Amino acid sequence: MGRITLEKLTKSYGSVEILHGIDLDIQDGEFVVFVGPSGCGKSTLLRQIAGLDKPTSGELKINGKLVNDVPAADRGLAMVFQSYALYPHMSVRQNLAFGLENARMPKAEIDSRIAEAARMLEIGDYLDRRPGQLSGGQRQRVAIGRAIVRNPTAFLLDEPLSNLDAELRISMRAELSALHQRLKTTMIYVTHDQIEAMTLANRIVVLRKGNIEQVGTPLELYNRPANRFVAGFIGAPSMNFLPGSILAVNLVDTVVTVLGEETLAVPRPAETAEAGEKITVGVRPQHIRLAGPGEDCIGAKVTLVEALGAETVVHARVSTGELLLAVLAGQHALSAGEDIRLTFDAKDLHLFGGDGLRIAGT
Amino acid sequence: MSANIKRHRTGLGGIAFAVIRPVMSLIDIPLRALQRATGQGGMASFFILPNMAVFTIFVLIPFAINFVYSMTGGIEIFLNQRDFVGAEHYRDIFTCGSYLDPASCRRDGFWTAAQNTTLFVILQVTLLIIVSLITALILNRQIIGRSFWRAMFFFPVLLSPVVVGLIWRWILQRDGLLNFVLLEAFGAEQFNWLTDRTAAFAATIGVSIWAHMGFYTLILLAGLQAIPKDLYEAAEMDGTSKSRVFRRITLPLLMPNLIVVLVLALIKAVQVFDEVYVLTGGGPGTSTMYLVQYIYEKGFASELRNPGLAAAASIIMGAVLVVLTLMQMAASRRNEKKGER
Ligand SMILES: Nc1ncnc2c1ncn2[C@@H]1O[C@H](COP(=O)(O)OP(=O)(O)OP(=O)(O)O)[C@@H](O)[C@H]1O
Ligand SMILES: [Mg+2]
């Protein structure tokens, strides 16, 4: 069982408040990813859960039991550090055994747990080497192994893959995912890489400046971002934002105009907005396409074309001066300076009010 | 290159550059010729020549002369007035009933000093390392006024040894500060710290620790700060007890620094002289007479001057230092191999 509950949790260093009242309920067996820009408090939040730091106020519960004052070692959690934090002067085997020896576990039990973890992570061949004699990926496995042997109620991982090269990161990502399927233990994973978040998470927690911006499954966040920040943060390349306004709110749809050039009926009725209101319209680069002849569209001038083969990334400037990014499927003979006509489907638009929040109902 | 020249054109740097450049290009001509003639290896030797010359004049030659002195007798200073006596001084020194009983030796002064020095080295180095380590561990924590304390502990290192000796003589002598304070506070009787054999010996150890610990504390502190904080957090998550963290993490990772400290402290302790000479003058009797003072007095100061004997004694001490250093180097090499990271 590894259910972790946070209630109004705050953390201040001196007079600076870093976390501003975090409420979060993590279910047993869930893979939760904390994601957000650098300095938003992801590590700080994880350290409060781990017990390496003490919350300033609020409650932290593990399986319903208040643990604010329980020392890290007694919370039954295991942590994997970004730097791996392997003991450099001990062999891999000693590294794995260290925590178990603290708990005065019988030697035979320690050996069998190490053997089990070594088999699972395929590190059996270098149990007698020191961390310095391992590659980055192998070290990462050992670090995970050190967490696994402790058989924790939950794993806490702080950017565990960020020191690996791109290729290794992708394969380790898949392995972590498989590991979670297998162990079915709660995992809390910190990253600032939104692809990692999307691929690994059952639920993503988007943090900004010490506040939770949105919690949801990867697709919920992608399809219905709660605000402009989440909309811009999830998805690559970032969502485009264009000025627009509401023309009419009907029973079944919301009619908006983008840049005053193109009028579309978004098939969802706004609940809180009224006709005439200025809004921000968000559209993902993948949802933009070249307009057919006679089709309603917005005009733009191409500034840069990146032909990637399977798709073509077009940077274009619209009449108001905003840069627009479009990812067009396939190959297109476009060049900088050219005038193009772009369009998108009404259903793919995201409407944000003046406060940056998604307009309710849309 | 041209960008470099441009950058130096203005201001003071520009003026300096304008002066130096012609000089440099003048020097350049013979240097280039030399390099063409000797190749790169030759140039390297040319550049270390000044250093080698200084080393030769101030270390190698005196060392050789000292060795020759140790083979001569008499009280004359100039070598050409001295008689060759061969290994007589060495024979004298090593003529002993029992090496553990200085009184049974022909050169009892040497063996008394050697015995004192050995005891001093063992006690002083052990205590010094323990005290420095504890101080470093405390300074490594987030205590209030950390930099102040660090400066305080380092301050004595900056003092001249003579000043150290004087300060502590003022404190410890019969009408000194310590007795004054004890008298005022407890009405204690005046105790003569520097004329009691044991107290004086202890004082030399204490004072030399006080004078040097700042330096070693700093080396150990640097080592402690180089240990990644993550390791301690990992250990904390693992529920490691404080003492086990110290034994299994701090100590092994600090070992390279500890070995450096041990080597330096040992060498320094064997050479103990100046502050003790000022503090006790080797007394009472010969109870704080250490080897270097013995050598100094035999060589230059006493009426029973015997430069040849002093030279021989210094060579023996040098040999001991060489052996100690080699042992330490071997130990640190083994440690390095063990701790390959
Ligand atoms: N011990 C500390 N004392 C004071 N401020 C701190 C401390 N630790 C973190 N902070 C501050 O808290 C904020 C959040 O830091 P945190 O390390 O949690 O960010 P993060 O989201 O993990 O960023 P990154 O992605 O760069 O790791 C930062 O502004 C940081 O400066
Ligand atoms: Mg972080």
Side-chain angles (χ1 to χ4, degrees), chain A residues 13-14 43 46-47 49-54 70-91 94-105 128-134 139 142-144 146-147 149-150 152-160 163, chain B residues 129 133 136-137 140-147 219-262 328-341:
Chain A
Y13 289 113
S43 301
L46 197 69
R47 292 170 58 84
I49 299 174
L52 294 172
D53 238 333
K54 209 166 133 28
V70 175
D74 301 336
R75 296 189 183 187
L77 308 173
M79 183 137 167
V80 177
F81 295 81
Q82 178 176 357
S83 61
Y84 314 138
L86 297 173
Y87 309 119
H89 54 294
M90 299 182 199
S91 68
Q94 289 168 324
N95 264 284
L96 295 180
F98 194 75
L100 305 179
E101 287 164 7
N102 288 334
R104 306 211 176 282
M105 187 179 284
D128 293 313
R129 288 205 215 155
R130 281 166 198 284
Q133 302 162 318
L134 302 178
R139 273 181 231 180
V142 176
I144 294 171
R146 190 169 63 180
V149 291
R150 295 197 41 220
T153 43
F155 289 92
L156 311 177
L157 306 103
D158 192 351
E159 309 208 20
N163 283 343
Chain B
I129 289 181
L133 182 59
L137 285 170
N140 192 38
R141 310 174 82 164
Q142 298 296 335
I143 54 166
I144 314 165
R146 196 162 82 158
S147 9
I219 296 181
L220 294 178
L221 192 58
L224 286 174
Q225 286 174 347
I227 302 176
K229 297 283 161 291
D230 282 0
L231 296 186
Y232 291 110
E233 296 192 334
E236 191 184 339
M237 292 298 295
D238 278 347
T240 320
S241 67
K242 284 223 163 62
S243 69
R244 190 155 192 257
V245 168
F246 179 73
R247 272 183 296 116
R248 293 291 308 273
I249 297 175
T250 308
L251 217 47
L253 292 177
L254 196 59
M255 205 36 88
N257 296 62
L258 274 171
I259 287 176
V260 168
V261 165
L262 181 62
Q328 298 311 325
M329 277 164 67
S332 80
R333 210 168 304 135
R334 208 176 50 221
N335 183 65
E336 240 163 57
K337 216 174 271 158
K338 219 173 61 185
E340 239 153 50
R341 324 182 203 168

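In this text the structure is predicted, and so the values were computed from the model without any measurement. Within every chain, numbering begins at 1; the chains are lettered A, B, ... in the order of the sequence lines, protein sequences first and strands thereafter.
- Residues A:R150 and B:D238 are in side-chain contact: their nearest non-hydrogen atoms beyond the backbone lie under 4.5 Å apart.
- Within the 4.5 Å cutoff, the side chain of B:M255 has no heavy atoms near those of the A:H89 side chain.
- Contact of A:R146 with chain B is made through the side chain alone, with heavy-atom distances under 4.5 Å.
- Looking only at heavy-atom pairs under 4.5 Å with chain B, the residue among A:A85, A:A78, A:A50 that has the most is A:A85.
- The parts of A:Y87 that come within reach of chain B are both its backbone and its side chain, each placing non-hydrogen atoms under 4.5 angstrom from that chain.
- Minimum heavy-atom separation, A:A72 to B:E236: CB-OE2, 4.1 Å.
- Interface check for chain A: of the options B:G239, B:S241, B:P228, the most heavy-atom pairs under 4.5 Å are formed by B:G239.
- Separating the CZ atom in A:F98 from the CZ atom in B:R244 is a distance of 4.0 Å, to the nearest 0.5 Å.
- Of the two parts of A:L86, only the backbone, made up of N, CA, C and O, holds a non-hydrogen atom closer than 4.5 Å to a non-hydrogen atom of chain B.
- The shortest distance between side-chain heavy atoms of A:R47 and B:E233 falls below 4.5 Å.
- Note on A:N102, A:L77, A:L100, A:V80: by heavy-atom pairs under 4.5 Å with chain B, the leading option is A:N102.
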